[in-house]
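Below is one structure, written out as structure tokens; the observations come after it.
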Amino acid sequence: MSDLVRNIIRFFLIVFLQVYVLNVMPHLHQLITPYIYFLFILWLPFYIKKGWVLILGFLLGMSIDYYTMTPGLHAAASVLVAFLRPIVINLFAPKDATELSYKEPSPKAMGWTAYLLYALILSFCHNAYLLLLEWISFGSFIHFLMKIIITTAISMLMIVIAELIFPRKLKFRSNTA
Amino acid sequence: MFNIQYSLFNIRYLLFQVRNIFLFIRRFSVFILFLILQIVSLYFLFTYNRSHRAKGLGFAGGITSYFNSKYNLLENFLTMQEENRRVHKLNDSLMNLLNTNFVIVDSGATMALDTLNKDTSGHMRRFVWRSAQVLYSTASSDKNYLQLNRGSSTGIGDDMGVFSSNGGLVGKVINTGENFSEVISLLNVVNKMSVQLKRTGSAGMLSWEGKSPQELTLKNIPKTDSVKRGDTIVTGNYSLSYPPGRLVGTVSKVLRDKASNFFILKIKPTANLTNLQQVFIVENVNQQVQKELDKQTQDMVEKKEALNE
């Protein structure tokens with residue numbers, strides 16, 4: 001399967017997961033809103049151009065927005081994630097050969113610690129920005145801070161579970177290996 | 001001569017500047033794209049009218065509606081039994097109201113209400129009820145909406161009331177497409193509506209604080225009223241969207257606000273707002289006329305005030 005087809009399928013699956021499973025889930029607690037759709041941006045290949053990541057982030061956010069009737073809310077947050085992604089990857093990804101032999105950011109390519117930090121920073125930025133935009137229209141400040149922490153914890157939990165369920169062994173075919 | 005040279009120099013200088021601008025754009029193209037996309041999304045977010053969306057159920061709405069109706073097929077299969085029970089219960093209560101259950105003692109003519117706007121006995125129809133199916137609804141957000149499978153082509157319009165299959169208030173239609181409509185649920189923090197306490201008749205403001213879907217908040221009921229747990233809350237008399245006296249919920253907690261003369265009541269909604277399948281949409285037939293009358297009156301008063309000054 002080519003990267004393009006793989007990512008198109010992944011886009012639809014992750015939007016449906018967010019919209020038809022996580023959004024319609026019974027109300028657990030007022031602080032809990034599970035978000036995982038930005039994992040699509042986290043899993044995009046290393047070699048993809050920065051501009052394309054931004055455009056894909058915007059499309060992803062808008063498709064979630066059309067279901068939740070909040071045009072622009074998720075789009076703004078996922079564009080932010082798409083913008084920060086290359087910067088964070090530059091911070092954590094090893095500069096040696098692994099980046100060449102692996103296609104996508106994954107625990108195998110970056111190591112668990114670096115990968116989790118990468119996911120943590122991006123999901124924190126996503127949730128903080130999204131909830132900030134929500135908080136501007138409604139809510140109290142303490143509630144907002146609590147919600148950022150708990151939502152980020154839940155996002156991280158789901159990302160780790162996703163990594164354990166779907167171990168991606170994506171290597172470039174090369175004659176050295 | 002000097003002039004020409006000067007102007008040539010000027011043009012070259014200008015070209016140099018233009019080139020610089022292009023270089024700048026190329027250098028920061030990603031950041032500029034980021035800014036543009038951010039501005040676009042924030043523009044969407046902040047120009048979007050919170051309770052009435054002007055447009056939106058267009059092309060993209062059509063796609064989401066398509067997937068929602070597919071998803072609904074599956075969901076129906078899994079949850080139909082519960083819904084059946086509720087509908088059966090409501091049917092049962094209506095069965096008991098049928099004319100055939102009663103013996104007519106009086107020898108006069110029986111009265112029949114039909115779907116015509118006016119019948120011979122002078123009754124005028126005010127509300128029309130239509131059934132609809134819920135295609136998609138969220139419950140975990142602060143701002144929850146429902147999507148229904150009927151739209152303007154089957155007589156649905158903005159500002160119509162929505163009730164659940166067990167008769168409890170659900171919300172109000174805020175946007176209609178051709179075949180689909182969007183409803184703002186009671187579980188939406190921007191939704192505020194006037195309801196009344198059935199026993200005393202005093203009106204209050206119903207809202208949701210975004211905490212539990214089993215708990216709405218009712219304010220502005222004066223402390224002079226006697227309110228008990230279990231009191232019924234019904235829709236108000238003065239709404240253009242809802243028939244008066246329909247169930248909204250029951251009082252589950254009575255709190256006294258020490259700073260004011262009003263109660264803060266916690267209301268348990270009658271409709272199970274997190275598990276809706278079939279709903280009724282209520283149309284007020286005279287809504288347009290009532291609204292116009294209201295507007296005309298306001299204009300008249302304003303004119304008079306202007307004349308007096």
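Fair warning: this is a prediction, and the values are worked out from it, not measured in the lab. Naming: A, B, ... by sequence-line order, numbering from 1 per chain.
Closest of all the heavy-atom pairs between Val30(B) and Gly51(A) is CG2-N, 4.3 Å. Taking every heavy atom of both residues into account, Ala76(A) and Leu42(B) meet most closely at CB-CD2, 4.2 Å. Residues Leu54(A) and Leu37(B) approach most closely at O-CD1, 3.6 Å, considering heavy atoms. Residues Ala75(A) and Ser41(B) approach most closely at CB-CB, 3.9 Å, considering heavy atoms.
Two residues are said to be in side-chain contact when any heavy atoms from C-beta on lie closer than 4.5 Å; Phe46(B) and Leu133(A) meet this criterion. Phe67(B) places a side-chain heavy atom less than 4.5 Å from the side chain of Phe16(A). Residues Tyr67(A) and Thr138(B) form no side-chain contact, since every pair of their non-hydrogen atoms from C-beta on lies 4.5 Å or further apart. The shortest distance between side-chain heavy atoms of Gln38(B) and Tyr129(A) falls below 4.5 Å.
Using a 4.5 Å cut-off between heavy atoms, Ile32(A) contacts chain B through its backbone alone, with no side-chain atom that close. Asn68(B) touches chain A through backbone and side chain together, each having a heavy atom under 4.5 Å away. Neither the backbone nor the side chain of Glu75(B) comes within less than 4.5 Å of any heavy atom in chain A. For a residue to count as touching a neighbouring chain, one of its non-hydrogen atoms must lie under 4.5 Å from one of that chain's; by this rule Val19(A) touches chain B with backbone and side chain alike.
Using bins of under 30°, 30° to 60° and over 60° for the plane-to-plane angle, the ring pair Phe34(B)/Phe83(A) lands in the parallel bin.
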